[in-house]
**Student:** 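This is the structure I have questions about; it appears just below.
Convention: sequence-line order gives letters A, B, ...; per-chain numbering from 1.
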Number of protein chains: 2
Amino acid sequence: MDTELTPRQTFFNLPPDKQQRVLEAAVQEFSERGYQQASINTIVSRLNIAKGSIYQYFDSKKSLFLFIFNQGIAMVRQMLKQVKKESQGEDFFTRVRKSLMAGVEFIDKHPALYRVYLRILFERDSPLREDFLQTIRLFSREYILSLLEEGQARGEVRKDLDPVLAVFILDAVLDKFLQNYALPYLDPALELNEKKGLEEKIDSIVTMLRQGFAAADGI
Amino acid sequence: MDTELTPRQTFFNLPPDKQQRVLEAAVQEFSERGYQQASINTIVSRLNIAKGSIYQYFDSKKSLFLFIFNQGIAMVRQMLKQVKKESQGEDFFTRVRKSLMAGVEFIDKHPALYRVYLRILFERDSPLREDFLQTIRLFSREYILSLLEEGQARGEVRKDLDPVLAVFILDAVLDKFLQNYALPYLDPALELNEKKGLEEKIDSIVTMLRQGFAAADGI
DNA sequence: TTTTAATATGACCACCTGGTCATATTATGG
DNA sequence: CCATAATATGACCAGGTGGTCATATTAAAA
């Protein structure tokens with residue numbers, strides 16, 4: 001229970017490229033099998049190192065996992081911060097569109113890392129799972145909320161929307177879109193595995209959210 | 001590989017209440033631990049029957065799981081069919097609202113079964129997972145699509161919407177809402193664990209989808 | 001009651017898991 | 001070259017898994 005949550009010094013003494021190889025192999029395994037089913041044996045075997053070695057780097061499977069996941073959270077956080085900064089002053093719906101596209105880009109860069117997140121979402125026994133999810137949820141919601149409030153202040157967004165529910169809808173659509181992008185088999189009809197037409201689909205989705213589903217006169 | 005996918009005759013010879021007890025215990029275990037981590041040992045131990053017995057009823061863990069999941073799919077299918085029938089002729093947005101409320105009711109009646117579905121969503125190694133998900137996805141999408149098309153024909157829904165993307169948005173919001181209802185810790189701010197105010201929240205969400213996020217003049 | 005068929009049982013099997021540790025190998029610095 | 005510290009190694013451990021099967025128990029038929 002009182003395992004260290006950070007790698008051991010030995011890990012940091014490793015040549016940087018070996019550090020990276022180790023982390024990549026672990027991310028790969030966690031993304032393929034989830035936390036519980038991920039096998040230390042498989043990881044070390046793929047790395048061609050002895051089993052004992054990985055326990056020189058990390059105290060436990062849990063500690064290895066936590067280090068990876070924390071790194072991932074930090075990366076997402078930084079990414080959102082940058083999108084927000086770069087789009088400052090732009091229209092609300094443009095910012096939503098850009099946030100979605102940034103998410104797509106993130107998954108392109110770190111597909112396995114994103115799949116680890118998807119795994120943990122519904123795996124009851126990942127360590128500190130609820131803490132992690134609340135952390136992610138919290139800053140994801142707060143990010144969207146801040147965009148929304150700026151949009152309302154600028155008069156681009158209806159002011160009578162319940163912020164919690166509006167954020168819920170946006171978050172749901174964004175999150176599901178990225179899930180489908182990462183795992184295209186979830187909804188083959190969307191054809192999100194095809195790069196072509198991706199931006200147009202994002203545009204359409206944001207437009208629908210903007211103007212709603214109800215028929216205006218004569219449409 | 002060539003295991004039977006149905007229970008053995010012995011299972012059907014069992015008194016109906018024992019059949020149900022066995023299935024309930026299995027659903028419970030699968031919902032708590034997912035497919036791979038679910039333990040036959042735990043199931044038989046909770047049922048106070050010998051391990052060998054459950055292998056008189058089912059050929060394998062896989063066969064037990066498949067039987068349960070197929071049953072669940074059939075139940076959802078029937079539920080949606082009924083909602084569609086009962087709401088025939090009503091306004092599109094009313095039908096969406098009623099579908100969502102039917103989903104909430106379903107989860108109230110079969111919470112563990114719904115959690116099994118959530119587990120399978122992101123567990124790569126559940127048997128026939130992709131087949132199941134495609135089946136579920138397909139009839140879920142087709143259900144929403146049929147409502148949408150009727151709504152467009154009646155002039156209640158914009159006719160310039162891309163059906164695939166419109167269905168995606170509706171499906172995303174409905175699915176996420178039910179996920180959050182089943183697992184309230186996912187987004188505590190929604191307070192979906194409180195029965196009070198649930199209908200109002202559903203109303204608000206449907207209203208937002210209807211009229212969109214963009215500010216009309218003076219709002 | 002006797003025979004036969006159906007069902008229940010749990011010790012047992014091979015296999016895999018995360019983790020340990022005494023030992024071997026390599027690097028470092030005097 | 002030697003001594004010491006750091007790192008790498010893999011046989012080994014206890015504990016869990018899905019699944020089997022000879023045997024015991026119960027039910028049905030004769």
**Student:** Rounded to whole Å, please give me the gap between CG in A/Asn48 and P in D/dG10.
**Tutor:** 10 Å
**Student:** Could you tell me the separation between the CD1 atom of A/Ile40 and the C1' atom of D/dC12, rounded to a whole number of Å?
**Tutor:**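 Nearest whole value for this atom pair: 17 Å.
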**Student:** Figure out the CG/P separation between A/Asn41 and C/dC15, and round it to whole Å.
**Tutor:** 15 Å
**Student:** B/Ile49 has an atom CD1; how far is it from atom P of D/dT25, in whole Å?
**Tutor:** 19 Å
**Student:** Is there a salt bridge (charged side-chain N to carboxylate O under 4.0 Å, His left out) between A/Glu32 and A/Arg115 once you walk through the steps?
**Tutor:** CA-CA 8 Å; A/Glu32 284 175 7; A/Arg115 266 177 283 135; 5.9 Å; no
**Student:** With nearest nucleotides of DNA chain C determined for B/Ile54 and A/Ser53 from heavy-atom distances, which residue corresponds to the more 5′ nucleotide?
**Tutor:**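 Closer to the 5' end of DNA chain C: B/Ile54.
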**Student:** So, does B/Tyr57 get its side chain near the phosphate of C/dA8, meaning an N or O under 4.0 Å from OP1 or OP2?
**Tutor:** yes
**Student:** D/dG19 base to B/Lys51 side chain: any donor-acceptor pair below 3.5 Å?
**Tutor:**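 Yes, a donor-acceptor pair under 3.5 Å.
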**Student:** Quick one: sort the B/Phe69 and B/Phe132 rings into parallel, tilted or perpendicular, breaks at 30° and 60°.
**Tutor:**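 Tilted.
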**Student:** Could you state the atom-to-atom distance from CZ of A/Phe12 to P of D/dA6 in whole Å?
**Tutor:**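 Interatomic distance, CZ of A/Phe12 to P of D/dA6: 17 Å.
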**Student:** If I take atom OH in residue A/Tyr55 and atom C1' in nucleotide D/dA6, what distance separates them, rounded to the nearest angstrom?
**Tutor:** 21 Å
**Student:** To the nearest Å, give me how far apart CZ (A/Phe65) and P (C/dG18) are.
**Tutor:** 14 Å
**Student:** So, OP1 or OP2 of C/dC16: does either fall under 4.0 Å of a side-chain N or O from A/Ser39?
**Tutor:** no
**Student:** B/Lys61 or B/Gln56: which one's nearest nucleotide on DNA chain D is closer to the 5' end?
**Tutor:** B/Lys61
**Student:** Using the benzene-type ring in the case of Trp, are the ring centres of B/Phe30 and B/Phe65 under 6.0 Å apart?
**Tutor:**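 Yes.
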**Student:** For C/dA6, take OP1 and OP2 only and decide whether either is under 4.0 Å from a side-chain N or O of B/Asn13.
**Tutor:**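 Answer is no, no contact under 4.0 Å.
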**Student:** What about B/His110 and B/Tyr114, are their ring centers closer than 6.0 Å?
**Tutor:**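 Judged by ring-centre distance (under 6.0 Å), B/His110 and B/Tyr114 do not meet the cut-off.
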**Student:** By the definition salt bridge (charged side-chain N to carboxylate O under 4.0 Å, His left out), identify the one residue from A/Glu90, A/Glu199, A/Glu86 that meets it with A/Lys98.
**Tutor:**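 Only one of A/Glu90, A/Glu199, A/Glu86 forms a salt bridge (charged side-chain N to carboxylate O under 4.0 Å, His left out) with A/Lys98, namely A/Glu90.
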**Student:** Using whole Å, report how far CZ of A/Phe58 lies from P of C/dG18.
**Tutor:** 15 Å
